[in-house]
Amino acid sequence: MIQFDSVSKRYPGGYEALKNVSFQLPRGEMCFLTGHSGAGKSTLLKLIMLMERATQGQVICQGVNLARISKKHIPYHRRRIGVVFQNHSLLNDRTVFDNVALPLLVSGAPYQETGRRVRAALDKVGLLTKEKKLPVQLSGGEQQRVGIARAVVHKPDLLLADEPTGNLDPELSADIMKLFADFNAVGVTMLIATHDVDLIRRMGRAEIKLDSGRLAVP
Amino acid sequence: MVKISPTGIPVRANRSVKRWLSDHLDACLDSLGRFVLSPLQTLITLLVIAVALCLPSMLYMLVKSVESGMVNIQQSADVSVYFSPGIDEETSLQVQSKILSLESVSAARFLSPDRALQEFKEFSGLGEALTELSENPLPATLLVTPDVDQDIDALIRTIESFEAVDQVQFDFIWLQRLRALLEVVDQIALVLAAVLGTGVILILGNTIRLEIESRRDEVAVVKLVGGTNAFVQRPLLYSGVWFGLLGALIAWFLTNLFAWAMSKPLDSLGQLYLRDLSLVGLDSLELLVLLVLGIFLGWLGAWIAAARHLSAIEPG
Ligand SMILES: Nc1ncnc2c1ncn2[C@@H]1O[C@H](COP(=O)(O)OP(=O)(O)OP(=O)(O)O)[C@@H](O)[C@H]1O
Ligand SMILES: [Mg+2]
């Protein structure tokens, strides 16, 4: 599903956030991306989303060499992936329903389908009753789950998450991980960046570890 | 049907016409709905646009009205051609036919000295006093009616060059001057329209830029979930179109209000100089032009702002 071949990423300032990283993530896997703060986890996910471009090596995602995707086609690439990014949270002036519907709206999905899929996604994260609420009327954990519903509403094959349990208490974190495991069980490939070492141990899943931009043995 | 990009990614499921229309209607209403969120700011922007659009349209209307008033007058503005004393009637009639053959002349009426005196008596009301005159002081006269819109100065020079002609008199030389002045005002209106039109584009560009700034996070999120530039800019373009359209409507209203307010003072001015001078408000075709212009300028301003500022916003 995802393949990195000797990928390096040097930021404009000259800082090399990823150094010669190679790995493969097979279809249907659920994998954790770990490493200290500043190790390059977010950078790696951004390369997959084409929020950044690799400076060396190649990234292949869903069979497509990302270097070949022109700027114009980036949106269509992103539509095939679900993302939970912490700093890209919800639109505060729109209801939960509208937030979750956003990926369907931008891709022009039929309206009948939109309602059905949004409710299915909200049902999965247990927020079906809150569809008319605004994000500020929800707790932090609930907001995070709305973000997850938004990431899966268009049924992507691949789901990326950057610190999805960032500032949640252990119980909520476990809930969310359980949710991710459920998605993975129906075939969604997942790559989840996290600090939460305990959690990873308990889940017993594959792990990719970064150390100062290099692949490390976990 | 799904289009596949060269890289193998499906890029766009063809939207049905109905869906396309409904997407645009959404963006259109959404952008109008946002006006309500900051009514005061919206109103100020609209007024600025309206004022910028109504200044040239008022000038245009003024020029148009005075010009149509002038056409009325010029129809009655004859050039008087006085023959030298002692010219016989035959020569005068020859000159008349020569003048009539000029392209810029529509009519030339011959008045013998006797007839001229008689008309003068009637016209001046000095009938009795004038009968006392032993000799008729008036020369034979031709009343030449130029075609409307002709260069009267040139006509006068041509007629003056005829030998039998003593003097040519045109009482409406001020009309010529007014015409020249109107041409200048017309040019000013054009330049003003260009300058203020650019102003409208800049004002709207700035308004839309602020709108983009305030929706920075939203734009980033929309792009992250696969929204295209076209998708994000659609409501912004509609926003510009609304600003332009509503601004032009207000400008139209202001222009006609101006026409109405000026109708009284112009009436008295008209009685002094131009009969039937009245400000003619914008007709429906001119209204249409104004609206289309407003919409175009609004769209262009928004488009420039979107092109300059949207692509810089990327999730990250
Ligand atoms: N846009 C950027 N320009 C320059 N340097 C950057 C940029 N983004 C990240 N970096 C640098 O790259 C390194 C890796 O950053 P990254 O965000 O990938 O780390 P991370 O593993 O996600 O850390 P954290 O766990 O704290 O989120 C950091 O040292 C950071 O300073
Ligand atoms: Mg990070």
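Throughout, protein chains are lettered first and strands after them, A, B, ... in sequence-line order, and every chain is numbered starting at 1. Since the model is a prediction, treat every value here as computed from it, not as a measurement.
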Next item on the list: First locate atom CZ of Arg215(B), then atom CG of Asp93(A), and finally report the distance between them rounded to the nearest 0.5 Å.
Entry: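 The CG atom of Asp93(A) is 8.0 Å from CZ of Arg215(B), to the nearest 0.5 Å.
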
Look at atom [atom1] of [X] and say whether more than 12 heavy atoms of other residues, nucleotides or ligands are closer to it than 6.0 Å.
X	atom1	value
Lys133(A)	NZ	no
Phe253(B)	CZ	no
Arg34(B)	CZ	yes
Lys64(B)	NZ	yes

Next item on the list: For residues Val225(B) and Val106(A), report the shortest heavy-atom separation together with the two atoms involved.
Entry: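 Looking at all heavy atoms of both residues, the closest pair is O-CG2, 3.6 Å.
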
Margin query: Restricting to non-hydrogen atoms, name the atom on Leu224(B) and the atom on Met49(A) that form the minimum distance, rounded to 0.1 Å.
Written below: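 Minimum heavy-atom contact is O-CE, 3.7 Å.
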
Check: In terms of heavy-atom pairs under 4.5 Å, which option from Lys71(A), Arg94(A), Gln62(A) contacts chain B the most?
Finding: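 Highest number of heavy-atom pairs under 4.5 Å: Arg94(A).
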
Note to self: Report which part of Ala151(A) has an atom under 4.5 Å of a heavy atom belonging to chain B: side chain, backbone, both, or neither.
What the structure shows: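 For Ala151(A), neither part sits under 4.5 Å from chain B.
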
Next item on the list: Identify which part of Leu105(A) has an atom lying under 4.5 Å from any heavy atom of chain B, answering side chain, backbone, both or neither.
Entry: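 Answer is both: backbone and side chain atoms of Leu105(A) are under 4.5 Å from chain B.
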
Checklist line | Student check: side-chain heavy atoms of Pro315(B) and Arg78(A) closer than 4.5 Å | finding: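 Of all side-chain heavy-atom pairs linking Arg78(A) with Pro315(B), at least one is under 4.5 Å.
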
Next item on the list: Can you tell which part of Asn229(B) gets under 4.5 Å to a heavy atom of chain A, answering side chain, backbone, both or neither?
Entry: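 For Asn229(B), no heavy atom lies under 4.5 Å from chain A.
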
Next item on the list: Output, in order, the C-alpha distance, side-chain angles, deciding distance and verdict of side chain to side chain contact (heavy atoms under 4.5 Å, CB included) for Arg150(A) and Val221(B).
Entry: CA-CA 11 Å; Arg150(A) 187 182 69 192; Val221(B) 171; 3.5 Å; yes

Notebook entry, point to check: Could you give all pairs that pass the ring pair (Phe, Tyr, Trp, His ring centres under 6.0 Å) test and reach residues 195-248 of chain B, with sequence neighbours left out?
Noted result: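 Found His24(B)-Tyr238(B), Phe35(B)-Phe243(B).
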
Please set out all donor-acceptor pairs under 3.5 angstrom arising from side-chain atoms of residues 180-191 of chain A, sequence neighbours excluded.
from, atom 1, to, atom 2, distance (Å)
Asp182(A), OD1, Lys178(A), NZ, 3.3
Asn184(A), OD1, Arg205(A), NH1, 3.0
Asn184(A), ND2, Gly28(A), O, 2.9
Asn184(A), ND2, Glu29(A), O, 3.4
Asn184(A), ND2, Val188(A), O, 2.9
Thr189(A), OG1, Gly28(A), N, 2.8

Notebook entry, point to check: Does the pair Arg53(A)/Glu314(B) count as a salt bridge with the N-to-O cut at 4.0 Å?
Noted result: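 No.
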
Next item on the list: May I ask you to check whether Ser22(B) and Tyr111(A) show a side-chain donor-acceptor distance below 3.5 Å?
Entry: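 Yes, Tyr111(A) and Ser22(B) have a side-chain donor paired with an acceptor closer than 3.5 Å.
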
Check: Checking Arg79(A) side chain against Gly226(B) main chain: does a donor-acceptor pair fall under 3.5 Å?
Finding: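 Confirmed, Arg79(A) side chain pairs with Gly226(B) backbone.
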
